[in-house]
Student: 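Have a look at this one before I ask anything.
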Amino acid sequence: MADAIGNKDAKDYYLDIPQTNTAFFAKGLNNTDWGMKNRLSRIFNPVSGNTVMLAFDHGYMMGSTAGLERMDVTIEPLCAYADVLMATRGAIRSCIPPTYNKALCLRATHDTSVLFEDMSVGNGWGVDMEDAIRMNASAIAIQCFVGGEGERDSLETLCRACDAGYKYGVPVLGVTAVGKQMARTTKYFLLATRILAELGASFVKTYYCEDFEKVVAACPVPIVIAGGKKLPEAEALTMAYQAIQCGARGVDMGRNIFQSDHPIAMCKAVAKVVHEGYTDKLAYEFYLDEANK
Ligand code: 5RP
């Protein structure tokens, strides 16, 4: 307890310095609460404004895929090089040590497994907010199927998750999932990203496409791009570079990092593009140098 006797009298009120009232750095999020901004500042680096999210949530619908057979062996060493882990609570609790002290974006929907013809049939909320907070999540991810059979269910899940998110100060990442029957066009991504933001998502994950700058411009909150299927490293770096040039605030990349022959080198190279303004060519040279060490 503070000592009540012998305290110095307060005297310096800095009358010539107006109190700082800085606008929040992330697009469209200035009117959110302190707790949400604090969590967003763990997701997005306040200096670059960008993020490298490492997605390894694939098992929740695919079971184990190449590179994720043993997450304790393959993912744990990569954690230090990403800003955020995007994964399920099962993967995090079983394979990632709690001493990991960067951000976590918890996959919070359950979707249909790969045994189903088309995943866009619908989903549900898979993690309640109490458990997300218990895990110290900086965000939760909700997948939505705009235009798919499961559109209504998944948007309802998003709305309820955003309600809980605003109640507790936890940002929601809206993920635009594309079912088999759905075309990956600019028109589609313009529609889907905007809908997720309007329904309350604090940031949106989508796929890179033609005229991506228009998708970014029409989405009032930050966009991060998904990696998608494994590409040669040079091409994946070009995709990341082009997305950043168009205004994306980062990547949420999985297979293009953990299925690389040199996952740590690839994660570091992606971070050079995302945070340090490297061109794709420079980043690929960096990747080769790191891989050959
Ligand atoms: C799909 C997802 C994925 O589960 C995952 O995060 C994708 O990662 P990548 O495509 O980069 O391997 O969010 O919408």
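We count ligands from 1, going down the list as the structure has it; atoms in each ligand are counted the same way. Just so it is clear, the model here is predicted, and its values are computed rather than measured. The figures that follow rest on heavy atoms only: side chains count, while hydrogens, waters and symmetry mates do not. Position 1 is the first residue of the sequence; numbering continues from there.
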Student: Tell me every residue that passes ring pair (Phe, Tyr, Trp, His ring centres under 6.0 Å) with Phe145, counting only those two or more places apart in sequence or in another chain.
Tutor: none
Student: Please name the pair of heavy atoms, one in Gly28 and one in Val221, separated by the smallest distance, quoted to 0.1 Å.
Tutor: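 Minimum heavy-atom contact is O-CG1, 4.4 Å.
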Student: Answer yes or no: does atom NZ of Lys214 have more than 12 heavy-atom neighbours from other residues, nucleotides or ligands under 6.0 Å?
Tutor: no
Student: Out of Asp83, Thr51, Asn50, which one pairs with His275 under the side chain to side chain donor-acceptor pair (under 3.5 Å) rule?
Tutor: Asp83
Student: Is Arg160 salt-bridged to Glu156, going by a charged N under 4.0 Å from an acidic O?
Tutor: yes
Student: Can you label the angle between the His58 ring and the Phe258 ring as parallel, tilted or perpendicular, going by 30° and 60°?
Tutor: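 Correct class here is perpendicular.
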Student: What does the contact table look like for ligand 1 (nitrogen or oxygen on each side, cut-off under 3.5 Å)?
Tutor:
{"residue": "ligand 1", "atom": "4 (O)", "partner": "Asp57", "partner atom": "OD1", "Å": "3.0"}
{"residue": "ligand 1", "atom": "4 (O)", "partner": "Asp57", "partner atom": "OD2", "Å": "3.1"}
{"residue": "ligand 1", "atom": "6 (O)", "partner": "Asp57", "partner atom": "OD1", "Å": "2.8"}
{"residue": "ligand 1", "atom": "6 (O)", "partner": "Lys205", "partner atom": "NZ", "Å": "2.8"}
{"residue": "ligand 1", "atom": "8 (O)", "partner": "His58", "partner atom": "NE2", "Å": "3.3"}
{"residue": "ligand 1", "atom": "10 (O)", "partner": "Gly228", "partner atom": "N", "Å": "2.9"}
{"residue": "ligand 1", "atom": "10 (O)", "partner": "Arg255", "partner atom": "NH2", "Å": "2.8"}
{"residue": "ligand 1", "atom": "11 (O)", "partner": "Gly227", "partner atom": "N", "Å": "3.2"}
{"residue": "ligand 1", "atom": "11 (O)", "partner": "Gly228", "partner atom": "N", "Å": "3.3"}
{"residue": "ligand 1", "atom": "11 (O)", "partner": "Gly254", "partner atom": "N", "Å": "2.7"}
{"residue": "ligand 1", "atom": "12 (O)", "partner": "His58", "partner atom": "NE2", "Å": "2.7"}
{"residue": "ligand 1", "atom": "12 (O)", "partner": "Arg255", "partner atom": "N", "Å": "2.9"}
{"residue": "ligand 1", "atom": "12 (O)", "partner": "Arg255", "partner atom": "NE", "Å": "2.7"}
{"residue": "ligand 1", "atom": "13 (O)", "partner": "Arg107", "partner atom": "NH2", "Å": "3.0"}
{"residue": "ligand 1", "atom": "13 (O)", "partner": "Lys205", "partner atom": "NZ", "Å": "2.9"}
{"residue": "ligand 1", "atom": "14 (O)", "partner": "Gln143", "partner atom": "OE1", "Å": "3.3"}

